Amino acid sequence: MGAMKSLLQLSWLGCVVAAASPDNDIHHRLLARSSAPICNGTASTLALSDPPYSNYFYSDCNVAAQAVVTSPLPDSDLTLIGPRLIVAWPAGDSGICAYFAPQSGPNGTLAIEMVNSTVGHPLSPVYSTGSNASAPPSVGLQGVLRFNTSATLTLPILGSIRTIRDFVEGPSLLQPQIQDAIRFMSNEDGSASLQRTWLDNVTSTTLSFAPFANNTVKGKVSVSNRTLNFEAGDYLVSASMDYPQLTALKPAMVLNNAYRELKTTNADQVAALSFLSYSEKLLAGAWRFLTYFGRDSMISALLLEPVLSSGNGSAMEAVIGAVLERVNRTDGSVCHEETIGDYATWLNLQNNISSSAMLCDYKMIDSDYYLPVLMQKYFVNNPVGQKRAASFLSTPAGAIDAHNQNLTWGDLALISAERIMRLARPFAEKPVKENFVHLKKGQIVGEWRDSEYGIGGGRIPYDVNTALVPAALRSIAILARQGLYPKHKQWSHMADRYAQVWEDKSLDFFKVTIPECEAKDLINDDVVFHALALDGNNNLSKVEVMNTDDCFRHFLLNTTNDAQLTPFLNNSATNIRRTFPAGLMTSAGMIVANPAFGGNPVYAQNWTTGAYHGTVIWSWQLAMMAKGLELQMGRCQLSANFSVTDQQKHHSENSASCPTNKTPVAPIPEFCGDDSVWENVKAAYNELWDVIEKNKSQLSGEVWSWTYRDGGFQVTPLGVIPPPGGGSQTESDIRQLWSLAFLAVTRSENYK
Ligand SMILES: *[C@@H]1O[C@H](CO)[C@@H](O)[C@H](O)[C@H]1NC(C)=O
Ligand SMILES: *[C@@H]1O[C@H](CO)[C@@H](O)[C@H](O)[C@H]1NC(C)=O
Ligand SMILES: *[C@@H]1O[C@H](CO)[C@@H](O)[C@H](O)[C@H]1NC(C)=O
Ligand SMILES: *[C@@H]1O[C@H](CO)[C@@H](O)[C@H](O)[C@H]1NC(C)=O
Ligand SMILES: *[C@@H]1O[C@H](CO)[C@@H](O)[C@H](O)[C@H]1NC(C)=O
Ligand SMILES: *[C@@H]1O[C@H](CO)[C@@H](O)[C@H](O)[C@H]1NC(C)=O
Ligand SMILES: *[C@@H]1O[C@H](CO)[C@@H](O)[C@H](O)[C@H]1NC(C)=O
Ligand SMILES: *[C@@H]1O[C@H](CO)[C@@H](O)[C@H](O)[C@H]1NC(C)=O
Ligand SMILES: *[C@@H]1O[C@H](CO)[C@@H](O)[C@H](O)[C@H]1NC(C)=O
Ligand SMILES: *[C@@H]1O[C@H](CO)[C@@H](O)[C@H](O)[C@H]1NC(C)=O
Ligand SMILES: *[C@@H]1O[C@H](CO)[C@@H](O)[C@H](O)[C@H]1NC(C)=O
Ligand SMILES: *[C@@H]1O[C@H](CO)[C@@H](O)[C@H](O)[C@H]1NC(C)=O
């Protein structure tokens, strides 16, 4: 070990190409070194500052990767924030993480920073090939990292993002089998490098540091006892790995023709969307979720559908195809998260299997229900999708998930719909609490609030049971009428019949009424909301946390029971409009959970500003709520175009000529004619949009929190606030797929 490591700088076509080679095959690599294929068009880059984090995205035709540099601020909590470099690749959900500490001096006295240099502004790509021409090239990023004082590398992790998350999100898990495989090399040119061969025995990840002369200071790095010591100064840091890259969807291929101009008007969001979009799948977020997530990609596609490309090789088909490819053929469950790359090999090893085959996590219960809704949106409502349905659904499965060989994507869509019909039936026949859809046995999470404190240990989540199940049933009925399930023609009626029961009978089970006298000083009126879940921890029969999950019904359902719909919309609007703690509104955005009305002290302890699903703001929830309210108000708009008699006429014509194929025009809901409710909903819509516009700079991020200071709610990164119960904090992704929904969700001029 410790042989010379060569770092060749080739400046070519404005790109700096570094041929970095692990010591063992250096000669082959030097001989076989080749230049990166020329990328037509410029690289897509994005630099985003979110102190204490600095994020850099880079993608061209050879590599896509993100770098995150964390450096403590004077007021940072040093138990949560330390100097750290992360480089993350969508390919293989791979990453490098390096923690640093001041060599002498207390924590907080070392600052690190990526600086502009002759290497890049601040980053440029790394590309090198080895002797094996058919093996993937080693690709990554490089740039100049500055240490303002002497530093020590306290912990490197090389391999999978999942391995990094196990450490970062805790509880500080490290696997000796992975950590001990890192080789530390001190090279003759004064550089030092770390290299690890993955558990697949094929792929390797390399991180190197070379002192970089910048006219004033040149650093010095030394290897000692499996760590690196740095003098203050500048270092060319280079991170690379040789796992096969995904097929990127270029910005122009992610958007449909009608919305190409977003590339110029919303360049940053489109660059982020493109970074997360590949023809194999769309990725959920950067850096923590750089891979397939079923729920995230489907919710994103539902919200972004108007602007996304459709047709063969499109973004819409990437999402639907990725979901179908990964459906569990035995029970029809949709895959929540895939495990690929080094972490897949690791998990297989834990089961004594020597294989790098991907794995799927099927613990979520909500993801199943988004699939038919999205399929309806594409294969029924979208003319391009309509034409594509037959050939798309006959695609053979198994290319990625080998379990699904010998089935088509259409077969898997059917198996998944059969699961939904099976699970929906008991409640449709007998609407009692026991017949609701429950979390899977042994799981404490199952829908989007998938953290320890998310739904308070509830077994029966609100969103799934009052919105997702009936919405999926409505879509299954429509898809059945389109002939998608020839085996189950009866679903065209049966699924609608089930849906009606789920729509009408589920809501009341979750209803919480806080009488005015108990709402105390908060409010001078009864407060009505719907519980996050039923059967929670601490013997809570209802988890009485006010929340934003009403948005699912608003966005996904046109319910027809006016006696229920009118007060539901009205209460939902009131809760949005009231300022926390009386309601959900803050000047930093609408919070997703408000525990202030629960009597039990666990509420206030568990749903805090530091909890991932606590009194915090999620961008996509703002988008879905805004769009949901708009859709509901849109149902009234129809009245402007059709008089009631016209509607009824239209309705009967439809039913007479096409009894099964056309959805009759819906009757106008009663709330449209109730001035006080209508005005309340409209005001909620506008106040929500006001706060969305006020927090524009946050919108593409995953989640953010606030602190109350200077008489107001000040936006604060979640990652810097300690979580409830102590332990490691979840930091927000700077860019999250579903948070890009605002590319498609915009304020309507109709409701000013
Ligand atoms: C770039 O364009 C050239 C000429 O059109 C083409 O031959 C080459 O394959 C393209 N390269 C990539 C990476 O798309
Ligand atoms: C300083 O930070 C490092 C890395 O985060 C940590 O391991 C160490 O415990 C901290 N030391 C003190 C004295 O807080
Ligand atoms: C390095 O930066 C940290 C954090 O800003 C600061 O506390 C420290 O004084 C700096 N050290 C030097 C030598 O400039
Ligand atoms: C580094 O270069 C980028 C791109 O040219 C520029 O936007 C940025 O301001 C520069 N940063 C500094 C600190 O000069
Ligand atoms: C070359 O790489 C390919 C693809 O990774 C692999 O299948 C093959 O075994 C490698 N050949 C040698 C000689 O290592
Ligand atoms: C990697 O090599 C080791 C040692 O030869 C072997 O035990 C293991 O099964 C191999 N792993 C895989 C995934 O092939
Ligand atoms: C090197 O590391 C080992 C294991 O962590 C430790 O026992 C030993 O004392 C260290 N040696 C030096 C010189 O730091
Ligand atoms: C060189 O690095 C030192 C600190 O590492 C910094 O203070 C100085 O501004 C840098 N010089 C240039 C030209 O970038
Ligand atoms: C699919 O679901 C079945 C039944 O729940 C389960 O036993 C099986 O392990 C799952 N398949 C995969 C590949 O995870
Ligand atoms: C697919 O069919 C082939 C040929 O009949 C068989 O060998 C293979 O095991 C099947 N794969 C699965 C996952 O059932
Ligand atoms: C609140 O958190 C505590 C501590 O983690 C836990 O024991 C309890 O079950 C939680 N209660 C709810 C309703 O989430
Ligand atoms: C509900 O009605 C609105 C407005 O008419 C319409 O745009 C939307 O597609 C309908 N949603 C569903 C799920 O039917």
Side-chain angles (χ1 to χ4, degrees), residues 22 24-25 91-94 132 135-136 158-160 162-163 175-183 195-205 241-244 281 291-295 322-369 371 394-426 437-447 459 464:
N24 53 348
D25 60 355
D93 198 19
S94 311
N132 181 348
L158 272 59
S160 170
R162 284 282 301 276
T163 309
Q175 306 300 340
Q177 196 177 353
I178 292 174
Q179 292 309 111
D180 296 349
I182 300 175
R183 293 185 300 149
Q195 195 254 348
R196 176 177 163 251
T197 300
W198 292 11
L199 296 165
D200 66 4
N201 300 325
V202 176
T203 312
S204 80
T205 305
M241 59 113 206
D242 55 1
Y243 193 81
K281 60 196 167 191
T291 198
Y292 164 92
F293 281 79
R295 171 198 306 133
V323 173
L324 291 174
E325 172 69 23
R326 293 163 177 80
V327 164
N328 180 322
R329 67 187 296 159
T330 310
D331 68 5
S333 296
V334 162
C335 174
H336 165 57
E337 176 182 6
E338 69 177 358
T339 302
I340 56 172
D342 195 43
Y343 206 81
T345 321
W346 163 255
L347 283 188
N348 285 324
L349 261 181
Q350 304 318 296
N351 297 318
N352 288 318
I353 300 167
S354 178
S355 159
S356 299
M358 62 94 75
L359 295 154
C360 259
D361 168 355
Y362 293 106
K363 69 170 164 289
M364 297 295 163
I365 61 165
D366 64 338
S367 309
D368 306 347
Y369 304 101
L371 177 58
S394 62
T395 308
I400 289 168
D401 188 347
H403 294 107
N404 287 338
Q405 275 165 11
N406 310 332
L407 294 176
T408 62
W409 285 352
D411 296 333
L412 290 159
L414 173 67
I415 294 170
S416 192
E418 284 171 342
R419 172 185 180 81
I420 293 171
M421 291 302 286
R422 195 165 63 238
L423 294 181
R425 183 174 169 170
V437 175
H438 289 58
L439 296 195
K440 291 185 179 176
K441 287 215 167 57
Q443 301 295 342
I444 59 158
V445 294
E447 42 79 86
R459 305 308 302 165
V464 173

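What you see is a predicted model, and the numbers here were worked out from it, not measured in a lab. First listed ligand is number 1; within each ligand, the first listed atom is number 1.
For ligand 6, the atoms lying closer than 4.0 Å to a non-hydrogen atom of L199 are 11 (N), 12 (C), 13 (C). Atoms of ligand 9 lying under 4.0 Å from at least one heavy atom of Y362, given by number and element, are 12 (C), 14 (O).
Shown here for N404 and V327, the closest heavy-atom pair between the two residues is ND2-O, 2.8 Å.
Remark: R425 CZ is loosely packed, at most 12 non-hydrogen atoms of other residues, nucleotides or ligands lying under 6.0 Å away.
Summarising the geometry, atom OH belonging to Y243 is positioned 9.5 Å from atom CG belonging to D93; distances are rounded to the nearest 0.5 Å. To the nearest 0.5 angstrom, R326 atom CZ is 12.0 Å from L412 atom CG. Here the CG-CE distance, from N348 to M358, works out to 11.0 Å after rounding to the nearest 0.5 Å. Rounded to the nearest 0.5 Å, atoms CE (M364) and CD (E337) are 8.5 Å apart. To the nearest 0.5 Å, the span separating OG1 on T197 from CD1 on I182 amounts to 11.0 Å.
Geometrically, ligand 6 and D200 share no nitrogen or oxygen pair separated by less than 3.5 Å. Considering both main-chain and side-chain atoms, S354 comes within under 3.5 Å of ligand 6 through a nitrogen or oxygen pair. Remark: ligand 9 and D331 share an N or O pair separated by less than 3.5 Å (distance only, no angle test).
A distance limit of 4.0 angstrom between heavy atoms and ligand 10 selects the residues R329, A402, H403, Q405, N406.
For the side chain to side chain donor-acceptor pair (under 3.5 Å) with R196, the lone residue among T203, D180, D342, T205 that qualifies is D342.
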